[in-house]
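Small disclaimer: the values here were computed from a predicted structure and weren't measured.
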Amino acid sequence: MKKIFLSVLFFSFCFSNAQQNLVQYVKPIIGTEKMGHTYPGATVPFGAVQLSPETDTISYELNGKYNGDVYKYCAGYRYEDKTIVGFSHTHLSGTGHSDLGDFLIMPTQGKLQLNPGTASNPKSGYRSAFSHANETAEAGYYKVKLDDENILAEMTTTTRVGMHQYTFPKSDESHIILDLMAGIYNYDDKNVWTYVRVINDSLITGYRQTNGWARTKTVYFAMSFSKPFFQYGQKNYETKQVYRGFWRKFDQTKNFPEIAGKKIRMYFDFKTSEAEKIKIKFALSPVSQENALQNMKEEIKDWDFEKIKAQSQSAWNKELNKIVITAPEDVKVNFYTAMYHTFINPTVYMDVNGEYKGLDQGIHKANGFTNYSTFSLWDTYRALHPFFNIIQPSRNNDMVKSMLAHYEQSSLHMLPIWSHYANDNWCMSGYHSVSVIADAILKGVYNGDPNEALKACVATAKHRDYEGIGYYMDLGYIPAEKSGISVSNTLEYAYDDWCIAQLAKKLNQTEIYNDFIKRSENWRNNFDTKTGFMEPKLADNSFKKEFDPLSTNGQGFIEGNSWNYSFFVPHNPTALIDLMGGKKAFASRLDTLFTMHLPDSFFAETEDITREGIIGGYVHGNEPAHHVAYFYNWADQPWKTQAQVRKILNMQYKPTPDGLGGNDDCGQMSAWYIFSSLGFYPVAPGSDQYALGSPLVSSAKLTLENGKVFTVEAINQSAKNIYVQKVLINGKPITSLFIKHSDITNGSAITFHMGAKPKTR
């Protein structure tokens, strides 16, 4: 009781100094049902450990083919499920593809079972039934009762260490299972090798190498128990091992201190009294077992679970207090859960001593910066990194440095496309690291050498053998015969090239500017003036005859259709408006997008979009059109931007498990919500301009790293008063539909006067 009291006292102290308790509004369970693909478990801001439950063991492969059901388990956890298999230490948040799920731990009691069993018969294995009524998910803390085992499971984390606390019943047969076969998007040959060394009766170390989305991923660990186990053992499930060497001289199945193989499950046995707590510290490292152990010793020095929980939640509260809003309770829940989700990724990828493994598989040391991984750049360049440039500039500076380190270590000399555990998994289109880098430099966030950064951007954009870049450079577009996503790539390359041009202009690199500003107009080559759509073009310069603007299959687009992608010219909307027939015609086309009805056949072609993520034909549950609602501003009909933004905010985000209309995609969906709730949005990162919308909050106070405070106030804010009547900055009316980055960083006050009727003049 004394320890609990002191921990609560510490927790209260951490929330003092004028900080509000904003952790109370974070509901990690939001997005765990249906399409959100978030996880409910414990992590700290940008933490390397994401300790969370898995609710099934679906295989990536079924009868030699892709198993479509595995898509539901990108985060390892589905709110719809009734059983828990265990708790693993690495997860991706909100993605549409997956990996990780490393080092699964499950407490059990009674007869030892080393197989996971099935969802329909959980007692056939080590999994357990559970109820949401006995589940708690908070920022930095997760708790659930395992009904079949009568065990209470609790977990919290530091940056590199997960801490478990299991409350057991009285039993002479209490077990903790360490499943080294388990993983997310798993398949039979995913585990390349596993090594475990039992140091003593309460400490083990080891590593696991896998071949998945990250082609060569090795994670090292150190695992410490608060109570000695009295015996332990393992089972190797590998059946096709041709050569076994002379280790067969030993019985390695029980109490053997050095284990190696591809398919290993271990167990550790305890005798427990009623309500006895067994705690585990589980540290990760990208470099070595020794570093994992050092991470553990540095970050968790004792066994005080409540103290670590309080520290974790204090860290979250500090980050959340960077924006303090006035709004209804459900808006606060959505807003601070969105902030929570934006501060999960990217993740710290280095040990406490600064060491990390690079793309060259060598050991590097981050000098003067924190190295990060998990860059889902096709998603996050749009709003997440621009959000960081306002509220997390120091971290975003380090993220850019991490991207440039990636470039230096890359055998291909390319910036990251989708950076993940010392790998590039090359997922999605574009080379959007150049957008993040240019935006950070142009907004004064990056403090490294901008000319070296520009060189990396140019080298990446001229890598001819990567996904059609050679054709794009020679023809101004990618022929449909050469790529299934030819139109998406051309459009996204064109935007990225505009970002490079803006950076070159700032650095007075005229030749580079002229080259890339010309390339940035290549989007025109896929625009069919006869139909008004972006369409796939053949090598002979003719448009493909079989074209359906509603289809997502075989039309040259990735995760979208032509109706959404035809508006993907964020860097030059004025020219797009002209090509589409002028402002009135353009606005009418936007009206059609937001009011049309998509046929059921649309959903049959895509696994990551459902009707919940769509308004008319506008797909908010995916990213390519996230800027489109703001395009009405360029068409001189800003009241329609205001109406659509408020509709999206209210329809696509709810404080419920199924409250996200699509994959959160490492925080991009959440960053859109934050920007739009505050009343402005970065339509074209690489510009210092934000388009105004309709704020959802009554007020907001943004405390910036430079010591300035930027405030937002919405006068006459209500559910009906969605239209902006006038806008003031520092008390002076503005007539523009845009604000500048300097308006924010200088610590201005923006005031929206709201009303129930649109102001059309």
Y73: what forms a side chain to side chain donor-acceptor pair (under 3.5 Å) with it, not counting sequence neighbours? D81

Residues passing the side chain to side chain donor-acceptor pair (under 3.5 Å) test with D269, sequence neighbours excluded, are H175, Q231

Can a salt bridge be assigned to the pair [X] and [Y] using a cut-off of 4.0 Å between side-chain N and carboxylate O?
| X | Y | answer |
| --- | --- | --- |
| D102 | K217 | yes |
| D172 | K271 | no |
| D56 | R127 | yes |

K322 atom NZ: more than 12 heavy-atom contacts under 6.0 Å: yes

Taking [X] for its side chain and [Y] for its backbone only, find out whether a donor-acceptor pair lies under 3.5 Å.
| X | Y | value |
| --- | --- | --- |
| S373 | Y421 | yes |
| D664 | G36 | no |
| D99 | W213 | yes |
| H164 | I280 | no |

By salt bridge (charged side-chain N to carboxylate O under 4.0 Å, His left out) - contacts of D147 (at least two apart): none

Test applied, ring pair (Phe, Tyr, Trp, His ring centres under 6.0 Å); reference residue, F270; option that passes from Y166, F225, F168: F225

